[in-house]
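The structure appears below as structure tokens.
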Amino acid sequence: MQQPVLDPLGAAASPPRRERIAAGIGDSFSAGLGIFPLGIALGLLVVQAGLPWWLAPALSLAAFAGSLELLLVGMVSAAAPLAAVALTVFVVNFRHVFYAFSFPLHLVRNRLARAYSVYAMIDEAYAVSASLPAAERSAARLLAMQIASQVYWVGGGLVGVTVGVALPAPIEGLEFALCALFTVLALDAFTSRREITSVLLAGASAAIALVLAPGAALFVALLVFVALLFVRYGVAVRFGTCREAVDA
């Protein structure tokens, strides 16, 4: 096993910048296996919705958020009101507020680089960063991983629009891609943690939304679910089970 390089004071020296960048690109490969195909789905959806091809890369650069972009394609093609679009952006991306509490932004000193890191704080980047030991994290590695992830997403979108334009007929059921994505993520989270309470709260939120506001069920369900999670957290704190609520 190779011993770490020590500086003159005996502390472990950081690897060269080129190695840290290469490590960040390597970190992005596992996430890229999921990001690139979803980017292709985005490009195909843009073309099949009758929207201009350049909307795929434009969305990927203006709002680097896969689930949100897939939602926005449908909303743009349906000429959804601006207020509905704004509410969608807020609700879908609200989780990023919590990511910022533990994402290692303090490593990025440069202001422009830090602004980009905040902008590119997607789910996959957070998961990859969280899996790294604190001693192996660095600004160069973090930024390289985030830039590579966006390249996969933008590249996938361009491949998608290219394929979509070349296809003689639209692919049936492709608009179900986003719903399928969230279904798989929910099933994976449930099977790995067996979190029955969260599943029941999500089901109750959907039922309430369908009864009270069937025309805006998605937005209402998300808002109700967030409210129920806050109530659950408060109950857990009151009865001394705060740690279980956080772990869930």
> Could you state the interatomic distance from CG (L51) to OG (S77), rounded to the nearest 0.5 Å?
Replying inline: 5.5 Å

>> Quick check for you: to the nearest 0.5 Å, what is the distance between I25 atom CD1 and R20 atom CZ?
In response: 13.5 Å

>> According to a hydrophobic-cluster definition based on side-chain heavy atoms being under 4.5 Å apart (Ile, Leu, Val, Met, Phe, Trp, Tyr only), do V220 and V85 belong together?
In response: no

>> With clusters defined by side-chain heavy atoms of hydrophobic residues (ILVMFWY) lying less than 4.5 Å apart, directly or transitively, does Y152 cluster with Y119?
In response: yes

> Checking side-chain contact (heavy atoms from CB on, under 4.5 Å) against L201, which of V231, L228, V224 comes through?
Replying inline: L228

> Hey, any chance W153 and V118 share a hydrophobic cluster, counting ILVMFWY side chains that come within less than 4.5 Å of each other, even indirectly?
Replying inline: yes

>> Just verifying a value: how many Å separate R114 CZ and H106 NE2, rounded to the nearest 0.5 Å?
In response: 9.5 Å

> Could you state the interatomic distance from CG (L143) to OG (S117), rounded to the nearest 0.5 Å?
Replying inline: 5.5 Å

> For the atom pair CG (L44) and CD (Q48), what is the distance rounded to the nearest 0.5 Å?
Replying inline: 6.0 Å

> Could you walk me through whether Q150 and S60 pass the side chain to side chain donor-acceptor pair (under 3.5 Å) check?
Replying inline: CA-CA 8 Å; Q150 187 164 22; S60 300; over 6 Å; no

> Out of curiosity, does M75 fall in the hydrophobic cluster containing V73 (side-chain heavy atoms, cut-off under 4.5 Å, transitive links)?
Replying inline: yes

> How long is the span from the OG atom in S131 to the CG atom in D27, to the nearest 0.5 Å?
Replying inline: 7.0 Å

